[in-house]
Amino acid sequence: MCGITGLVSTHGADFDRFSGMTDALAHRGPDARGEFRAPGIALGHRRLSIIDLSEAANQPMHNEDGSLILVANGEIYNHRELRESLGRKGHRFRSGSDCEVLLHRYEELGEDLLEGVNGMFAFALWDRNRNRLLVAVDRFGKKPLYYAALGARFALASEMHALLHLPWVEKSLDPVALDRYLTFRHVPAPLTMLQAVRKLEPATLLVWESGRIATRRYWRPRPAITPETVYDATVVDRFEALFDDAVALRLQSDVPLGLYLSGGVDSAAVASSMARQQTTGDRISYTIGFDYRHNEHPRAQRVAAHLGFDFNPVEVEPELFGSTAKIAFHLDEPFGDMLCLPAYCLAREARKRLTVVLTGDGADEILNGYFHQRLMMLRERNLWLFAASGAGRALAALARAVPAAVVDRFFDYPDRFGPREKLKLVQALTHSGAFGGFYEGITSCFSPEDKQSICTPELREQWSGEPLHLFFHRQMEENREFDFNARLSLLDLQCWIPFSVLYRLDKLNMAHAVETRSPFLDYRLVEAALHLPPQAKFNPRRNKEVLRAIIDRHFPEPLREKGKQAFYMPLTSPTRRQFAAWCRALLTREGVARRGLFVWSAVERLFFQFDHGSMLAYRQLAALAMLEQWFRVVMDTNPHRESASS
């Protein structure tokens with residue numbers, strides 16, 4: 001795990017700033033620093049040593065004749081298998097680094113080098129003979145890669161703020177990215193919040209050559225040749241064997257390794273597999289907790305004790321709101337999910353003993369564990385009703401008449417479903433006749449109706465591109481080779497996993513030089529999950545059925561979780577006071593007017609709803625406050641340019 005930079009330019013002054021670009025990523029790679037420079041090209045690397053701690057594994061790396069130069073961030077999990085195959089073909093390796101195999105794969109396969117590579121990565125490879133730069137990220141975007149281009153200039157970096165060392169990378173707000181942020185609470189690739197900067201999309205290879213940029217996807221999940229129709233013990237056996245192999249590959253490390261353990265089945269399954277396969281070193285787990293009724297510490301501690309893990313509880317302190325400026329800097333872009341606070345705190349504590357941490361992230365996406373997925377499956381099973389003429393308005397009217405307390409019984413957030421949340425459901429049901437409209441309605445932070453009332457007309461006039469509800473519909477249609485449940489997973493893997501879950505994991509753990517690994521997002525396991533019959537994922541008794549069947553094999557009955565509880569940052573009394581004070585300090589009448597993006601009366605209404613207990617108002621205020629925090633940290637100041645000009 002590291003930080004990388006790259007620059008292609010004919011302007012000498014650009015290279016005067018390149019060292020600053022690389023050093024801006026020092027937190028990602030505190031163990032070593034390296035640069036390659038030649039006329040018109042520079043590559044930079046900050047190293048966090050994980051595999052082969054010797055200097056031979058430092059980067060940039062060269063092939064045997066020096067014609068190829070590589071900087072890479074991440075891990076190639078099947079590097080031993082690839083190394084053995086390349087060795088038989090005569091390739092010589094200078095180190096035990098996992099990333100070195102990329103150089104020799106390119107020598108053998110050219111742009112097809114990533115076929116069969118299992119890992120998380122972002123890399124840049126300079127081909128001196130062809131004056132060509134190859135840039136790629138892994139299949140799910142676990143490792144971020146930002147780039148900017150202007151004429152013959154091209155620059156890349158693991159974090160966006162490093163690019164701001166270059167004066168030609170302008171800080172102009174992208175209004176379409178802001179629209180997407182209000183929906184998702186994150187900015188999906190290829191957009192960033194800056195018009196001059198793009199993010200490389202998952203499973204994408206970019207080639208820069210002679211001032212031209214070309215991109216292509218190098219991987220898409222493959223539909224099953226013969227779809228599974230029967231769910232039995234042999235299906236569980238195959239899935240567990242593949243899952244165990246995914247965990248085993250992620251146990252490779254020459255530095256201390258552990259686990260983020262929650263109270264749920266996903267991380268418990270990872271813990272169980274680790275316990276059966278980790279033959280050396282201490283078993284160490286860290287668990288985040290909150291001082292409220294659904295605290296995950298007690299259950300996680302019982303799981304840790306059962307498997308022999310050293311249990312390290314971490315409490316989220318209300319004073320953490322004082323760190324949001326630092327968190328916003330490391331996040332690089334606006335990120336509206338307040339889970340960023342406990343994630344930052346957890347990584348800070350884990351770094352005291354660990355450098356590598358496994359997580360249970362990805363299981364809900366690939367096994368249909370989320371509430372919104374279950375709602376969409378309910379709609380699909382009753383499509384005759386939802387798609388009928390006038391059904392959306394009738395269902396909305398029915399929902400409006402049902403007391404919120406009744407709806408709350410079916411709501412899996414550990415918080416109250418109130419009038420504001422009920423209105424959101426009513427709005428979503430109004431659009432339930434079309435897949436895209438209903439999906440947008442139930443997953444968005446700010447619904448289309450919300451944006452209409454809170455955004456200024458001047459901002460809305462700048463929005464362009466394909467409406468989100470049509471985008472969601474198109475994605476489902478393009479994946480018709482898969483069953484409906486799998487298509488929901490693919491949609492989540494495209495829209496949520498890379499830019500919400502994995503984005504948070506990378507940015508906030510790398511702020512403390514911690515590498516995270518997610519076995520559930522091994523691409524082989526993802527494809528296997530997409531091919532599972534529907535009853536292996538959800539039945540009337542429980543969701544994520546195949547995973548719970550694995551849990552049943554390795555845990556006594558009292559440690560088997562009975563249901564799904566959404567993970568989010570709750571507001572206890574002290575935290576609520578701190579949150580309210582933090583929001584009000586950031587979102588003032590004068591400040592909102594100065595930005596010219598939002599209508600103050602609508603923001604004020606959110607404060608009123610929050611004061612009366614609305615969970616949705618909490619989420620929306622958090623998104624607006626983190627946006628304003630980002631403006632202050634990134635748009636209103638630029639320490640990189642100030643130091644460069646002084």
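Nothing fancy with the numbering, it's 1 onward along the sequence.
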Checklist entry - Does any non-hydrogen side-chain atom of Phe598 lie less than 4.5 Å from one of Cys455? => result yes

Checklist entry - Would you say Glu380's side chain and Met376's backbone share a donor-acceptor pair under 3.5 angstrom? => result no

Checklist outcome for this item: Rounded to the nearest 0.5 Å, the CD atom of Glu545 sits from the CD1 atom of Ile550 at a distance of 10.0 Å

Next on the checklist: Using modelled atom types and a 3.5 Å cut-off, is there a donor and acceptor pairing between side-chain atoms of Arg619 and backbone atoms of Asp337?
Outcome noted: no

Next on the checklist: Looking at every non-hydrogen atom in both residues, tell me the closest pair between Ser273 and Phe243 and how far apart they are.
Outcome noted: CB-CE2, 4.0 Å

Checklist entry - Is a salt bridge present between Asp611 and Arg584, judged by a nitrogen-to-oxygen distance below 4.0 Å? => result yes

Checklist entry - Which heavy atom of Leu261 sits nearest a heavy atom of Ala271, and at what distance? => result CD1-CB, 4.2 Å

Item to check | Salt bridge Asp332-Lys199, side-chain N to carboxylate O under 4.0 Å | outcome: no

Checklist entry - Between Asp138 and Pro202, is any pair of side-chain heavy atoms under 4.5 Å apart? => result no

Item to check | Axial cation check for Phe555 ring with Arg560, 6.0 Å and 45° limits | outcome: no

Checklist entry - How are the rings of Phe472 and Phe184 set relative to one another: parallel (under 30°), tilted (30 to 60°) or perpendicular (over 60°)? => result perpendicular

Checklist entry - Is any side-chain heavy atom of Phe438 closer than 4.5 Å to a side-chain heavy atom of His469? => result no

Checklist entry - Would you say the side chain of Arg379 lies within less than 4.5 Å of the side chain of Leu383, judging by non-hydrogen atoms? => result yes

Checklist entry - Val526 pairs by side-chain contact (heavy atoms from CB on, under 4.5 Å) with which of Ile497, Leu490, Ile366? => result Ile366

Item to check | Shortest non-hydrogen separation from Ser267 to Ser262 and the atoms involved | outcome: OG-N, 2.9 Å

Next on the checklist: Using a 6.0 Å cut-off, check whether atom CZ of Arg393 has over 12 heavy atoms from anything other than its own residue.
Outcome noted: no

Checklist entry - Would Tyr439 and Phe435 count as a close aromatic pair, with their ring centres under 6.0 Å? => result yes

Next on the checklist: Restricting to non-hydrogen atoms, name the atom on Phe482 and the atom on Arg487 that form the minimum distance, rounded to 0.1 Å.
Outcome noted: O-NE, 3.5 Å

Next on the checklist: Pairing donors with acceptors under 3.5 angstrom, does anything connect the side chains of Ser172 and Gln195?
Outcome noted: no

Checklist entry - Quick one: does Asn382's side chain have a donor or acceptor within less than 3.5 Å of a partner on Leu385's backbone? => result no

Checklist entry - In terms of the angle between their ring planes, are His372 and Trp496 parallel, tilted or perpendicular, with boundaries placed at 30° and 60°? => result tilted

Next on the checklist: Would you say that Tyr503 contacts Val187 through its side chain, given a criterion of any heavy-atom pair below 4.5 Å between the two side chains?
Outcome noted: no

Item to check | Side-chain heavy-atom pair Met193, Asp174 within 4.5 angstrom cut-off | outcome: no

Checklist entry - Can you tell me if His297 uses its side chain to pair, donor with acceptor, with the backbone of Thr287 under 3.5 Å? => result yes

Checklist entry - About how many Å separate CE of Met120 and CZ of Arg517, when rounded to the nearest 0.5 Å? => result 5.5 Å

Item to check | Rounded distance [0.5 Å steps], CG in Leu606 versus CG in Leu587 | outcome: 9.0 Å

Checklist entry - Would you say His554 has more than 12 foreign heavy atoms packed within less than 6.0 Å of its NE2? => result yes

Checklist entry - Within the distance-only criterion (no hydrogens, no angle test), does the side chain of Gln578 pair as donor or acceptor with the backbone N or O of Phe321 below 3.5 angstrom? => result no

Checklist entry - Should we count CZ of Arg524 as having more than 12 external heavy atoms under 6.0 Å? => result yes

Item to check | Distance-only side-chain donor-acceptor flag, Ser489 / Asp492, under 3.5 Å | outcome: no

Checklist entry - Is the backbone of Arg222 close enough, under 3.5 Å, to the side chain of His531 for a donor and an acceptor to pair up by distance? => result yes

Item to check | Asp237 bridged to Arg553 by N-O distance under 4.0 Å | outcome: yes

Checklist entry - Should the pair Asp506-Lys143 be classified as a salt bridge under the 4.0 Å nitrogen-to-oxygen rule? => result yes

Item to check | SB check Glu228 Arg238 (cutoff 4.0 Å) | outcome: yes

Checklist entry - Would you say Leu532 and Lys537 make side-chain contact, with heavy atoms under 4.5 Å? => result yes

Next on the checklist: Treating Ser518 as the side-chain partner and Leu521 as the backbone partner, does any N or O pair qualify as donor plus acceptor under 3.5 Å?
Outcome noted: no

Next on the checklist: Measuring from atom CG of Leu616 to atom CD of Gln609, what distance do you get when rounded to the nearest 0.5 angstrom?
Outcome noted: 8.0 Å

Item to check | Heavy-atom closest pair, residues Ala622 and Trp582 | outcome: O-CH2, 4.5 Å

Item to check | Test item: Thr430 side-chain N/O and Val426 main-chain N/O as donor-acceptor pair under 3.5 Å | outcome: yes

Checklist entry - Shortest non-hydrogen contact from Gln475 to Gln494? => result OE1-OE1, 2.6 Å

Item to check | All side chain to side chain donor-acceptor pair (under 3.5 Å) counterparts of Glu365, not counting sequence neighbours | outcome: Tyr370

Next on the checklist: Check the orientation of Phe610 and Tyr618. Use parallel for under 30°, tilted for 30 to 60°, and perpendicular for over 60°.
Outcome noted: tilted

Checklist entry - Parallel under 30°, tilted from 30 to 60°, perpendicular over 60°: which one fits the rings of Trp219 and Phe140? => result perpendicular

Next on the checklist: Side chains of Glu440 and Phe471, heavy atoms from C-beta outward: is any pair under 4.5 Å?
Outcome noted: no

Checklist entry - Is the backbone N or O of Gly436 less than 3.5 Å from a side-chain atom of His473, with the two atoms forming a donor-acceptor pair by type? => result no

Next on the checklist: Please check this pair: side chain of Asp361 against backbone of Leu502, looking for a donor-acceptor N/O pair closer than 3.5 Å.
Outcome noted: no

Checklist outcome for this item: The residue among Leu367, Leu530, Asn368 that forms side-chain contact (heavy atoms from CB on, under 4.5 Å) with Asn485 is Asn368

Item to check | Interatomic spacing from OH in Tyr344 to CG in Leu331 - rounded to 0.5 Å | outcome: 10.0 Å

Item to check | Inter-residue atom distance Glu333.CD - Met160.CE, 0.5 Å rounding | outcome: 5.0 Å

